[in-house]
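Here is the structure we will look at.
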Amino acid sequence: MKEGARHWWRERLSAVALIPLTLWFLASIVAHSASDYVAFVGWLRSPISAAMMVLLLVASFYHTGLGLQVIIEDYVHSPGKSAIIAMMRLGCVVLAAAGCLAVGSIVLGQ
């Protein structure tokens, strides 16, 4: 399989994974809209909620990185294109890691 086709499939699979994760997140936010901070943190401390939140963060930033790569490849016409893609990928990894660390911090109660 060529790299372009592999990239296309990864975008589609991550998009499909984001559908139930996003629906879960939206339903959870609506269900806890009247809750206070303590109740919301209590909900996020449950293993299933924490795992789903980490999956949502990872899938979101992975999908974002794939999409931004396509935009950069299509519209940036400079010798620094590879560096821009590398910085964008690093940014996505850093943001996903920061979100996962925040969830971990809440779960561990710190």
Side-chain angles (χ1 to χ4, degrees):
M1 186 181 311
K2 301 246 180 184
E3 185 59 34
R6 187 174 295 124
H7 189 98
W8 186 87
W9 273 109
R10 288 176 182 168
E11 277 185 308
R12 296 320 171 264
L13 290 174
S14 63
V16 168
L18 282 170
I19 293 169
L21 291 169
T22 302
L23 291 174
W24 164 83
F25 181 70
L26 292 174
S28 298
I29 294 300
V30 169
H32 291 91
S33 62
S35 299
D36 61 357
Y37 176 77
V38 174
F40 188 78
V41 168
W43 163 78
L44 190 55
R45 283 187 175 160
S46 77
I48 291 176
S49 295
M52 293 287 283
M53 188 66 71
V54 167
L55 287 173
L56 177 65
L57 286 163
V58 170
S60 295
F61 283 108
Y62 181 71
H63 186 75
T64 298
L66 291 171
L68 288 173
Q69 179 180 342
V70 170
I71 292 169
I72 293 166
E73 288 173 348
D74 287 350
Y75 296 106
V76 175
H77 305 291
S78 70
K81 186 188 304 192
S82 297
I84 294 169
I85 291 173
M87 287 188 301
M88 176 275 302
R89 284 182 181 166
L90 178 63
C92 286
V93 168
V94 167
L95 290 171
C100 292
L101 287 172
V103 170
S105 177
I106 291 169
V107 167
L108 297 174
Q110 299 174 353

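What you see below is based on every heavy atom in this structure, not just the backbone, and it leaves out hydrogens, waters and symmetry mates. Positions are given from 1, in the same order as the sequence printed here.
Counting Ile, Leu, Val, Met, Phe, Trp and Tyr side chains that sit under 4.5 Å apart, directly or through other members, Y62 shares a hydrophobic cluster with L66. Cluster partners of V30, using a side-chain heavy-atom cutoff of under 4.5 Å among ILVMFWY residues and allowing indirect links: none.
Using a 30° and 60° split on the angle between ring planes, W43 and H32 fall in the tilted class, from 30° to 60°.
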Criterion side chain to side chain contact (heavy atoms under 4.5 Å, CB included) on I29 and F40, from CA distance to verdict
CA-CA 9 Å; I29 294 300; F40 188 78; 4.0 Å; yes

For I71 and V76: C-alpha separation, side-chain torsions, deciding distance, then whether side chain to side chain contact (heavy atoms under 4.5 Å, CB included) applies.
CA-CA 8 Å; I71 292 169; V76 175; over 6 Å; no

Determine, step by step, whether M53 and W24 satisfy the side chain to side chain contact (heavy atoms under 4.5 Å, CB included) criterion, reporting the C-alpha distance in whole Å, the side-chain angles of both residues, the deciding distance to 0.1 Å, and the verdict.
CA-CA 9 Å; M53 188 66 71; W24 164 83; 4.1 Å; yes

Between C92 and M88, does a side chain to side chain contact (heavy atoms under 4.5 Å, CB included) hold up when you go through it step by step?
CA-CA 6 Å; C92 286; M88 176 275 302; 4.0 Å; yes

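Interatomic distance, CZ of R12 versus NE2 of H7, reported as 8.5 Å (0.5 Å rounding). In this structure, S60 OG and F25 CZ are separated by 9.0 Å, a value rounded to the nearest 0.5 Å.
A single hydrophobic cluster is not seen to contain both F61 and I84; linkage of ILVMFWY side chains at heavy-atom distances under 4.5 Å, directly or through other members, places them apart. When hydrophobic clusters are built by joining Ile, Leu, Val, Met, Phe, Trp and Tyr residues whose side-chain heavy atoms come closer than 4.5 Å, directly or via intermediates, L57 is grouped together with I48. Transitive grouping of hydrophobic side chains (ILVMFWY, heavy atoms separated by less than 4.5 Å) brings V41 and L44 into a common cluster. Hydrophobic clustering (ILVMFWY, side-chain heavy atoms < 4.5 Å, transitive): L95 and L55 are in one cluster. V54 and L13 sit in two unconnected hydrophobic clusters of ILVMFWY residues. Membership requires side-chain heavy atoms under 4.5 Å apart, directly or through other members.
Pairing each heavy atom of I106 with each of R45, the nearest pair is O-NE, 2.7 Å. What you find for E11 and G67 is that their closest heavy atoms are OE2-CA, 3.6 Å. Contact detail for V16 and P20: the closest heavy-atom pair is O-CD, 3.1 Å.
Side-chain contact between L18 and L56: present, with at least one pair of heavy atoms (C-beta onward) separated by less than 4.5 Å.
Remark: side-chain polar atoms of K81 are paired, donor with acceptor, to backbone N or O of E73 under 3.5 angstrom.
For R89, the side-chain hydrogen bond (donor to acceptor under 3.5 Å, both in side chains) test picks out Q69, with sequence neighbours left out.
The environment of CG in L26 is crowded: more than 12 heavy-atom neighbours from other residues, nucleotides or ligands sit within 6.0 Å.
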